[in-house]
Amino acid sequence: MKKILIPSLLGLALSGQAFAATDAELLRAEIEAMKGHMSQLEEKMNRLQEENQSLKVNQQKLAAAPAASSSAAESGIAPEVKKVAETLEFSGVVEIGAYAGRNYTGGNYSDINVDTAAAAVTAQLSDYSSAEISLLYEEDSTDLEVDTASISFEKEGNPFSLQVGQAYLPFGMFTTSLVNDTLVLEIAETRETAAIAGVSSDNGFLAQTYVFNGDMDHDAASSNTLENWGARLAWETEEAGLGLDYINNIADSNGIGDYIDDNCDPITAGVDYDQWLRGEVGAFILHGHVQMGPVTLIGEALRSDDFSDKERLTAFTALAPVGKAPSAWQLEIDYAVSILGRDYTLATAWQESDDALFLELPKRRQSLGASTLLDEKTSLNLELWRDHDYGYSSGGTDDQTNNIALQLTREF
């Protein structure tokens, strides 16, 4: 019995060990397989991380490229040039006008003109000084030219100012909401190379004075001296303004000076050009405006001394029949109104001149007009006007004309 039992037990033990060995091998095989899968997963994760990192690097390069390009471009600009460019300010205006009407001889006319093409650049050199240059072209009137070129000294909070160079003198305001320039401007606007000094106060008072060497000299010595001058005394606010201007020789205005230049030939006359007048012809302009709600009143009047005063006459003067004492005045009423959701300015004006036939100005002008903004920088202006010519006794036709103008203006 014992002999049989022992071998049986031994067989069972050996059989159990065999089964245990088999299970261990299977477990190890499964563990090895899992390790292989884990290794593959780790490789895939590493590849994904590498690809993600590569994408991030490329994105950073793309984002940095414009900045690097801009930096490279800026690095090519000299610091001095870049500094000046930052101080520049450009502006300009283009005015295109369409006109139709009848002249004093009964003929009809119609035309489209470039009324104004102007561009200006201003350089703010410091907090107290600036320089300006502007170009101007007016079809059938002004060839492309340097209109103004000046240096100004003025600082915020400081009441004193100084402008030196070619500029329009503070002689007349010439304010209007209509298409045509005012008759006062046609006679009095004056551009000269001058020194203009001014002082202002916080409550709107302004005093200016200026000196210049005019083109209309009255003797050989005066052609090289700063003998011409003028002044302005004014008060100006947003709602109202009043001013009085004076110039000691209105013969230097653009209108009168150009007329004399075109009609007086020193070679033909045999008289020196600088002997056209023996003395200056002074002139005053009184101007003002007041705003009362939607209504604005504008007034301006010019009065000059007598050109025919014997103390001012020379033999050469008779060759240019300038009016005895050219003068003009303007009264304008503007009304701001909204129609169908659009803002308009309606205007009416009455103007008259005297002794200004030589400048081909009307004796009297009555105007109606309307203007509106098409956008922030573009405006459309309409004017209807009637001109009355000087009478026969003054050398005119005593006729009248009806005219219309439509002007498109774009500022930039």
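We number each residue from 1, following the sequence as shown. Computed from a predicted model, the values in this text were never measured in an experiment.
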Look only at the side chain of [X] and the backbone of [Y], and say whether a donor-acceptor pair between them is shorter than 3.5 Å.
| X | Y | result |
| --- | --- | --- |
| Ser200 | Gly198 | no |
| Thr397 | Asp399 | yes |
| Trp235 | Asn203 | yes |
| Asp245 | Phe284 | no |
| Ser338 | Asp343 | no |
| Asp398 | Tyr392 | no |
| Ser353 | Pro362 | yes |
| Thr182 | Leu185 | yes |
| Ser134 | Ala119 | no |
| Asp305 | Gly282 | yes |

Is the number of heavy atoms from other residues, nucleotides or ligands within 6.0 Å of [atom1] ([X]) greater than 12?
| X | atom1 | answer |
| --- | --- | --- |
| Glu145 | CD | yes |
| Gln124 | CD | yes |
| Leu135 | CG | yes |
| Leu331 | CG | yes |
| Tyr335 | OH | no |
| Tyr128 | OH | no |
| Asp202 | CG | no |

Please work out whether the ring planes of Trp385 and Tyr99 are parallel, tilted or perpendicular, with thresholds of 30° and 60°.
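Perpendicular: the ring planes of Trp385 and Tyr99 meet at over 60°.
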Angle between ring planes, Tyr259 versus Phe358, binned at 30° and 60°: parallel, tilted or perpendicular?
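Ring orientation, 0 to 90° scale: perpendicular.
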Kindly compute the distance separating [atom1] ([X]) from [atom2] ([Y]), expressed to the nearest 0.5 Å.
| X | Y | atom1 | atom2 | result |
| --- | --- | --- | --- | --- |
| Ser253 | Ile247 | OG | CD1 | 7.5 Å |
| Ile256 | Glu189 | CD1 | CD | 12.5 Å |
| Asp140 | Asp111 | CG | CG | 7.0 Å |
| Ser371 | Tyr344 | OG | OH | 10.0 Å |
| Gln330 | Glu352 | CD | CD | 12.5 Å |
| Leu346 | Thr348 | CG | OG1 | 10.0 Å |

Which heavy-atom pair separates [X] from [Y] by the least distance, and what is that distance?
| X | Y | answer |
| --- | --- | --- |
| Val146 | Ala149 | CG1-CB, 4.2 Å |
| Tyr168 | Asp147 | OH-OD1, 2.7 Å |
| Ile187 | Pro326 | CG2-CB, 4.2 Å |
| Ser379 | Leu373 | CB-CD2, 3.9 Å |
| Leu357 | Ser394 | CD2-O, 3.2 Å |
| Phe160 | Asn158 | N-OD1, 3.0 Å |

Are side-chain N/O atoms of [X] and [Y] paired as donor and acceptor at under 3.5 Å?
| X | Y | answer |
| --- | --- | --- |
| Gln366 | His388 | yes |
| Thr116 | Glu95 | yes |
| Arg102 | Asn108 | no |

May I ask you to say whether [X] pairs ionically with [Y], meaning some side-chain N is under 4.0 Å from a carboxylate O?
| X | Y | answer |
| --- | --- | --- |
| Glu383 | Arg365 | no |
| Asp389 | Lys363 | no |
| Lys324 | Asp355 | no |
| Asp375 | Arg410 | yes |

Evaluate the side-chain hydrogen bond (donor to acceptor under 3.5 Å, both in side chains) criterion for residues Asn228 and Tyr210: first the C-alpha distance (whole Å), next the side-chain angles of each, then the deciding distance (0.1 Å), finally the verdict.
CA-CA 8 Å; Asn228 296 100; Tyr210 51 89; over 6 Å; no
Within a strict 4.5 Å, meaning less than it, do heavy atoms of the [X] and [Y] side chains meet?
| X | Y | result |
| --- | --- | --- |
| Asp334 | Ser177 | yes |
| Tyr109 | Asn403 | yes |
| Thr175 | Glu300 | no |
| Leu242 | Leu286 | yes |
| Arg232 | Met173 | yes |
| Leu302 | Phe171 | yes |
| Leu169 | Ile196 | yes |
| Asp387 | Leu361 | no |

Show the numbers, then the answer: is there a side-chain hydrogen bond (donor to acceptor under 3.5 Å, both in side chains) between Gln407 and Asp115?
CA-CA 9 Å; Gln407 187 182 73; Asp115 293 337; 2.8 Å; yes
With side-chain contact (heavy atoms from CB on, under 4.5 Å) as the criterion, how do Asp215 and Asp261 come out once you've worked through the C-alpha distance, each side chain's angles and the decisive distance to 0.1 Å?
CA-CA 10 Å; Asp215 298 321; Asp261 190 30; over 6 Å; no
Could you go through the side-chain contact (heavy atoms from CB on, under 4.5 Å) check for Phe307 and Ile250 one step at a time?
CA-CA 10 Å; Phe307 272 87; Ile250 196 174; 3.9 Å; yes
Report the C-alpha separation of Asp252 and Glu280 in whole Å, then their side-chain angles, then the decisive distance to 0.1 Å, and conclude whether the side-chain contact (heavy atoms from CB on, under 4.5 Å) test is met.
CA-CA 10 Å; Asp252 280 301; Glu280 296 84 3; over 6 Å; no
Would Ile96 and Val114 satisfy side-chain contact (heavy atoms from CB on, under 4.5 Å), going step by step from the backbone distance to the final call?
CA-CA 5 Å; Ile96 308 297; Val114 178; 3.9 Å; yes
Passes side-chain hydrogen bond (donor to acceptor under 3.5 Å, both in side chains), Ser150 versus Gln163? Steps please.
CA-CA 7 Å; Ser150 63; Gln163 182 181 14; 3.0 Å; yes
Step-by-step side-chain hydrogen bond (donor to acceptor under 3.5 Å, both in side chains) determination, Glu236 to His289
CA-CA 9 Å; Glu236 187 76 25; His289 69 90; 2.6 Å; yes
